[in-house]
Amino acid sequence: MRLVLASTSPRRRDLLTRIGAAPDRIAAPDVDEDIRPGELPRAYVLRVAMDKAQAVARAEDEIVLAGDTTIAVGRRILAKPEDEADLRRMLALLSGRRHHCLSAVCLIGLDGRPRTRVSDTIVTFKRLSQAEIDWYVASGEGMGKAGGYAIQGKAEAFVRFLSGSHSGVVGLPVFETRALLEGTGYQLG
């Protein structure tokens, strides 16, 4: 059985490799990640992960793994920032607050059936000064990241509390991913 990673994220590839699941093929799914009216964070992240997995063509001997991560403040979804002003808005919203990082994984097995898991990690940022926000925005690290931050980088210094999956915040919850892979009979190396 061959593993296809439906993501071009180097972080997801690295996390998979850590658990002995080096992808045989990488495919870039083309899906609509826009938030639908009234869509709640958990439903959103599950939908996008499933859409990504189903968007990739699969051979008979292939299983497809996809993931998606989002940040939620209450019912509000913080997607990737559109520009620096949006990033500043997100960081100000997260400053001194507890939020949820939801990371969904979808695995399509040899039978063509999707299986999903969601990791819900609680993260609390310290209260950020304007200088800290300016510094982080200037680093460019938050652009292209859900919620406008990368916990595996400079933003780790902002985390006062974390309960849940650190790898889920990075972009792929390895505990849940490993369980899905083992459940399909995939041999981890």
With rounding to the nearest 0.5 Å, note down the distance linking [atom1] in [X] to [atom2] in [Y].
X	Y	atom1	atom2	result
L87	I133	CG	CD1	9.0 Å
H166	C101	NE2	SG	10.0 Å
E176	T116	CD	OG1	11.0 Å
R89	E82	CZ	CD	8.5 Å
L128	D134	CG	CG	11.0 Å
L110	E62	CG	CD	9.5 Å

With a 4.5 Å cut-off on side-chain heavy-atom distances among I, L, V, M, F, W and Y, is there a chain of contacts connecting [X] to [Y]?
X	Y	result
L94	F158	yes
L15	V105	yes
V56	V48	no
I35	L93	no
V73	V118	no

Legend entry - L46 and L102: CA distance, side-chain angles, deciding distance, side chain to side chain contact (heavy atoms under 4.5 Å, CB included) verdict: CA-CA 9 Å; L46 266 170; L102 298 162; over 6 Å; no
How close do [X] and [Y] get, heavy atom to heavy atom, and via which atoms?
X	Y	result
D68	K52	OD1-NZ, 3.0 Å
V31	A55	CG1-CB, 3.7 Å
Y136	Y149	OH-CA, 3.4 Å
Y44	I77	CB-CD1, 3.7 Å
P173	S119	CB-CB, 3.5 Å
L78	T70	O-OG1, 3.7 Å

Inset, instruction - State whether the side chain of S167 and the backbone N or O of V174 hold a donor-acceptor pair below 3.5 Å, judged by distance alone. - result: yes
Legend entry - Residue that, paired with L172, satisfies side chain to side chain contact (heavy atoms under 4.5 Å, CB included) out of L5, I19, T69, L16: L16
N-O pairing of [X] and [Y] below 4.0 Å:
X	Y	result
K80	D86	no
R18	D14	no
D32	R36	no

Note, [X] side chain near [Y] side chain (heavy atom, < 4.5 Å):
X	Y	value
M90	R88	no
P114	Q54	yes
R47	E39	yes
I63	R2	no
R117	F175	no
Q152	E141	no

Inset, instruction - Apply side chain to side chain contact (heavy atoms under 4.5 Å, CB included) to the pair R58 and V4, showing each step before the final yes or no. - result: CA-CA 8 Å; R58 180 180 69 78; V4 178; 5.8 Å; no
Legend entry - D111 atom CG: more than 12 heavy-atom contacts under 6.0 Å: yes
Which pairs of donor and acceptor atoms, one on a side chain in residues 182-189, lie under 3.5 Å apart (sequence neighbours left out)?
{"unit_1": "E182", "atom_1": "OE2", "unit_2": "R178", "atom_2": "NE", "d": "3.1"}
{"unit_1": "T184", "atom_1": "OG1", "unit_2": "L181", "atom_2": "O", "d": "2.8"}

Inset, instruction - Tell me who clusters with I122, hydrophobic residues only, linked when side chains sit under 4.5 Å apart either directly or through other members. - result: F161
Legend entry - Worked verdict on F125 versus V123 for side chain to side chain contact (heavy atoms under 4.5 Å, CB included): CA-CA 7 Å; F125 270 19; V123 181; 4.1 Å; yes
Inset, instruction - Please test D61 against M1 for side chain to side chain contact (heavy atoms under 4.5 Å, CB included), starting from the C-alpha separation and ending with a verdict. - result: CA-CA 5 Å; D61 67 336; M1 151 180 353; over 6 Å; no
